[in-house]
Each structure stands twice: as structure tokens, then as C-alpha cells.
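Down below is the structure, laid out as C-alpha cells.
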Amino acid sequence: MSISVCVASKSYGAVRAVQQVSLEVRRGETVALLGHNGAGKSTTIGMLLGLIAPDAGRVLVCGREPGAAVAEGRIAAMLQDTGMMPAVRVGELVELAGRCYPAPLPTARALDLAGLSPLAGRRVDRLSGGQAQRLRFAVAIVSDPDVLVLDEPTRALDVKARVEFWQAMRAYAATGRSVLFATHYLDEVDENAGRVVVMAGGRVVAAGTPAEIRRMAGGGTVVFTVSGPHGDDTGLAGLPGVTGVSVDGERVTLRTADCDATVRALAAGAVPDWRDLRVSPASLDESFLMLTREAEA
Ligand SMILES: Nc1ncnc2c1ncn2[C@@H]1O[C@H](COP(=O)(O)OP(=O)(O)OP(=O)(O)O)[C@@H](O)[C@H]1O
């Protein structure tokens with residue numbers, strides 16, 4: 001069974017923040033929402049949660065209006081930099097949050113999934129930044145939502161806190177829950193997301209598994225050896241797809257937006273006597289940049 005999350009459009013004056021975006025998060029799936037600053041991620045998330053009204057189209061979460069879906073605990077979110085009641089204890093805050101929903105997780109379970117059981121009696125204003133973020137996570141999951149939304153959950157966390165946060169998120173996702181998260185850290189996407197939705201200029205420009213996104217971008221690196229130093233790299237720069245050339249003695253490295261086209265040109269004799277050819281797909285970072293550059297051009 002899949003959980004459909006449909007979104008429409010939202011403009012701010014002349015700025016078309018989100019244009020006819022439609023997302024689907026399947027049950028048990030972790031989806032990453034990627035995009036440069038201003039791509040429309042937070043506006044999309046705001047509409048999913050009923051915090052921002054679309055000005056065209058209709059938002060439905062699991063077939064429900066966003067406000068109803070939030071109240072029923074079908075969708076829950078951890079937004080950027082939300083404040084927390086200072087004088088309460090960790091366990092009390094999660095308990096209190098759970099009471100707002102019809103079928104919450106037991107408090108101990110939410111604390112356990114967030115890795116906070118040992119800190120249940122700690123005052124919330126005595127937590128480190130990473131612990132406070134995991135508390136926000138516990139507060140979000142205590143409603144036992146069908147879809148959990150995380151907006152840049154590891155922003156401003158140090159490396160250790162990021163690792164601990166994703167451990168908690170993966171423990172939660174392993175219980176079969178669906179997660180949609182926005183991030184700028186592509187290493188987090190490779191490690192934590194089964195599927196990626198790339199936004200640029202308020203639109204979805206690509207969607208698929210990290211491997212499919214790399215294939216869609218089509219780019220990568222073509223490396224080969226030539227006989228004798230290849231003194232002239234200007235001809236190489238003109239090969240189909242090539243966006244960058246570096247020559248180190250007999251070793252030539254071509255950065256290309258289209259590996260197939262570049263290799264075909266080599267095979268057709270564009271460079272004499274090449275050997276030891278290696279083709280590597282682009283990294284997710286490079287693919288992301290290629291796809292968003294194309295969409296923004
Ligand atoms: N309340 C607002 N008033 C005017 N313009 C807005 C408002 N909120 C967002 N925008 C504009 O809408 C566009 C999309 O913004 P949004 O915050 O959704 O992007 P984002 O992908 O979440 O960016 P970031 O990664 O920086 O959080 C941007 O051009 C932004 O300036």
C-alpha cells in the first residue's frame with residue numbers, strides 16, 4: 001500500500017515558490033527531498049502540514065486534508081529550529097506530546113527509538129544540540145504517524161550528533177514507517193534514502209533511487225591512457241559531452257555530462273591509440289548539480 005502525498009502550487013507575489021509539485025511516499029519508504037536554497041522544499045513541506053495554503057490545486061495527505069491528517073497523527077513533522085518548553089523533563093515532554101494524539105506510541109518506545117531512554121529524567125534545557133534534536137524527533141514520532149517529515153534535521157549538528165541522529169531515524173524507519181526528509185547533505189541521502197526527489201525552481205526535476213538519479217544525470221568521468229604525453233587538450237574539450245579536461249602525462253581524465261557520447265567519439269577515433277579506458281558514473285553531488293543546472297538554465 002502506498003501513501004500518496006499530493007501537492008499543488010504556491011506563489012509569493014512574483015515568486016513561484018512551488019509549481020504543481022506532486023509527491024508520493026510509499027509505505028515503509030524513506031524519501032529525500034533535495035534542492036538548492038529557495039528550491040521550494042520548505043514551502044512544499046509547509047503545505048503538506050497545512051501550515052501554508054496552496055493558491056492552486058489541492059493538497060491531500062493519505063487522502064485527507066492536511067489539517068485533519070495532522071490531527072489524526074497520520075503525518076507529523078520535525079521542522080527547523082522549533083522551540084521547546086524549557087522547564088520540563090525529556091520524558092514528560094514526550095508524554096505530553098503523545099496525549100495530543102488518538103493512538104500515540106508508548107512514551108518509553110518513542111524515547112527508545114530516539115536513543116533518549118537514558119536521558120528521560122533530564123531537563124530539556126540541559127540537553128546538547130544533538131540531544132535536543134533527537135528530542136524533537138521523539139516528539140514528532142510519538143504520534144505514530146504514517147508519514148514523518150523532517151526539514152533539514154541535521155542542520156547545525158556536529159558530525160557525532162549527525163551520526164546519532166541518523167541512527168535514530170534508521171531505527172524508526174526499520175519499523176516500517178515512511179519518512180520524507182529535506183537536506184543539503186548528499187552523503188546523508190546516499191546512506192539514508194531509498195528514493196530521492198530533486199526540486200529546482202519550485203518544480204520536481206527528477207525522482208528515483210540514488211542510482212537512478214546518477215543514471216538520469218548521465219554524467220561521469222572517462223579516464224584513459226595515450227601513447228606519449230597528450231600535449232593538446234583543446235581537441236579533447238570539444239568531444240561530445242565533455243565539460244572538463246585534465247591531462248597528467250599519458251593519463252587523460254575527461255569530465256563529461258554524457259559518458260555514452262564521449263566513449264562513442266573515442267571509439268570512432270577522435271583520439272588515436274587510447275587504451276586502459278575507465279568510465280565512472282558521477283557522484284550523487286555531481287548528478288544533483290547537473291540535474292538542477294539543466295532545470296534552472
Ligand atoms: N513567506 C514568504 N514570503 C515571500 N517569499 C517566500 C516566503 N517563503 C518562501 N519564499 C520564497 O519562495 C521560494 C522557495 O522557498 P523555500 O523556503 O520553500 O525553499 P527551500 O528549498 O526550502 O530553501 P532552503 O533550502 O533555503 O530552506 C524562495 O524564493 C523564497 O524566497
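In each ligand, atom 1 is the first atom listed, and ligand 1 is the first ligand listed.
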Just verifying a value: how many Å separate T107 OG1 and D112 CG, rounded to the nearest 0.5 Å? 12.0 Å

Can R278 and D276 be counted as an ion pair, charged N to O under 4.0 angstrom? yes

Answer yes or no for K10: is there a heavy-atom contact with ligand 1 below 4.0 Å? no

One residue to check: V15. Relative to ligand 1, which of side chain, backbone, both or neither has a non-hydrogen atom less than 4.0 Å away? side chain

Result for side-chain contact (heavy atoms from CB on, under 4.5 Å) between V252 and one of V226, V222, V223 points to V226

Close approach of M199 to ligand 1, heavy atoms, under 4.0 angstrom: no

Salt bridge (Lys or Arg N to Asp or Glu O under 4.0 Å): pairs with one or both residues in residues 190-209, sequence neighbours excluded: E29-R195, D190-R214

Point-to-point distance, once rounded to the nearest 0.5 Å, from OG of S42 to CG of L51: 11.0 Å

Mark up the atoms of ligand 1 that fall under 4.0 Å of a heavy atom belonging to H36, in ascending order. 21 (O)

Any side-chain donor paired with an acceptor under 3.5 Å for T183 and E188? yes

Ranking G40, A200, A182, G202 by closest non-hydrogen atom to atom 19 (O) of ligand 1, top hit is G40

Could you verify whether a donor N or O on one side chain and an acceptor N or O on the other, from Q133 and R136, lie under 3.5 Å apart? yes

K41: numbered ligand 1 atoms lying under 4.0 Å from its heavy atoms: 18 (O), 19 (O), 20 (P), 21 (O), 22 (O), 23 (O), 24 (P), 25 (O)

One finds that the ligand 1 atoms under 4.0 Å from a non-hydrogen atom of H184 are 25 (O)

Heteroatom distance test (T43, ligand 1): nitrogen or oxygen, under 3.5 angstrom: yes

Option whose closest heavy atom lies nearest to atom 22 (O) of ligand 1, chosen from G38, S42, A17: S42

Below 4.0 angstrom from a heavy atom of A39, which ligand 1 atoms are there? Numbered from 1 as shown, please. 19 (O), 20 (P), 21 (O)

